[in-house]
Amino acid sequence: LAKTTQPISMDSYEGQEVNITCSHNNIATNDYITWYQQFPSQGPRFIIQGYKTKVTNEVASLFIPADRKSSTLSLPRVSLSDTAVYYCLVYNTDKLIFGTGTRLQVFP
Amino acid sequence: DVKVTQSSRYLVKRTGEKVFLECVQDMDHENMFWYRQDPGLGLRLIYFSYDVKMKEKGDIPEGYSVSREKKERFSLILESASTNQTSMYLCASSKWLGENTEAFFGQGTRLTVV
């Protein structure tokens, strides 16, 4: 199972772009990269998933370099409501293992 | 909307009690998961199940057991509750894991063992 490493915390201001990078050096060929968001007192919710290159949806973009040993979640123009913990997961058909995540604090 | 429902939002139990945490999903998902979440430790997988009557240990199964008699229901059992099992417990379900699949979480059960 590929282990992931991400920063413990990040600070930003409203309107800025935030990039959170996750390292997964042991990612396997068939593994997918997925990001979840968790607000206080709630369960995590799915944000975005990718396999390679770039994926974009209405919430975020996910950049994955060719070697797939890392990935970057990009949140454009964050607002106060984006304050949350963000988890990077790598899996195939195996169990879902969450790490400690990155706590993003957005300031006005 | 997919719904994962945990039977209680808050629970207070005494040390040594047998505790049942129930989780029900309504989307016919194959996979179900139990996690606990503690400050600074993220979400840690206790047990998961990929089919009825099937179970697999996660990273911290000690002191817990699970039951999955029906596809929609996954129960976490604390055989003899201890104070170090005071935590937030989160249940999740998903279809088979792979491309374009996501896990859906319940609202969590905050268990306090006194």
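Quick caveat, the model's predicted, so the values are computed rather than measured. Residue numbering restarts at 1 for every chain, and letters A, B, ... go by the order of the sequence lines.
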ring-ring contact (aromatic ring centres under 6.0 Å, His included), that's the test. Do A:Tyr91 and B:Phe33 meet it? Break it down for me.
CA-CA 15 Å; A:Tyr91 66 82; B:Phe33 309 84; 9.1 Å; no
Could you walk me through whether A:Arg45 and B:Glu102 pass the side chain to side chain contact (heavy atoms under 4.5 Å, CB included) test, one step at a time?
CA-CA 8 Å; A:Arg45 66 169 189 164; B:Glu102 62 180 278; over 6 Å; no
Assess whether side chain to side chain contact (heavy atoms under 4.5 Å, CB included) is satisfied between B:Leu43 and A:Gln38, documenting all intermediate values.
CA-CA 11 Å; B:Leu43 278 83; A:Gln38 185 180 26; 3.7 Å; yes
Trace of the side chain to side chain contact (heavy atoms under 4.5 Å, CB included) decision for B:Tyr35 with A:Leu96:
CA-CA 10 Å; B:Tyr35 298 86; A:Leu96 289 178; 3.1 Å; yes
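Neither the backbone nor the side chain of B:Asn31 comes within less than 4.5 Å of any heavy atom of chain A. Interface remark: B:Glu56 contributes no atoms to any contact with chain A (heavy atom separation under 4.5 Å). In this structure, chain B has no heavy atom under 4.5 Å from any part of A:Tyr51. Proximity to chain A is limited to the side chain of B:Leu90, based on heavy atoms less than 4.5 angstrom apart. Proximity to chain A (any heavy atom under 4.5 Å) is restricted, for B:Arg9, to the side chain, taken from C-beta onward.
B:Ile46 and B:Phe20 are not part of a single hydrophobic cluster, where members link through side-chain heavy atoms under 4.5 Å apart. Under a hydrophobic clustering in which Ile, Leu, Val, Met, Phe, Trp and Tyr are joined whenever their side-chain heavy atoms come within less than 4.5 Å, directly or via other members, A:Leu62 and A:Ile27 fall into the same cluster. The hydrophobic cluster containing A:Val18 also contains A:Val55, counting ILVMFWY residues as joined when their side-chain heavy atoms lie under 4.5 angstrom apart, directly or transitively. At a threshold of 4.5 Å between side-chain heavy atoms, the hydrophobic network of Ile, Leu, Val, Met, Phe, Trp and Tyr places B:Phe48 and A:Phe46 in one connected group. Side-chain heavy atoms closer than 4.5 Å link hydrophobic residues (I, L, V, M, F, W, Y) into clusters, and following such links, possibly through other members, connects A:Met10 to A:Leu73.
In this structure, the ring of B:Phe104 has its center no less than 6.0 angstrom from the ring center of A:Tyr36.
Counting heavy atoms of neighbouring residues, nucleotides and ligands inside a 6.0 Å radius, atom OH of A:Tyr13 does not exceed 12 of them. Open room surrounds CZ on A:Arg103; 12 or fewer heavy atoms of other groups in view lie less than 6.0 Å from it.
Of all the heavy atoms in A:Thr100 and B:Gly40, the pair that sits closest is CG2-O, 3.8 Å.
Remark: A:Ser41 OG to B:Gln107 CD distance equals 11.5 Å, nearest 0.5 Å.
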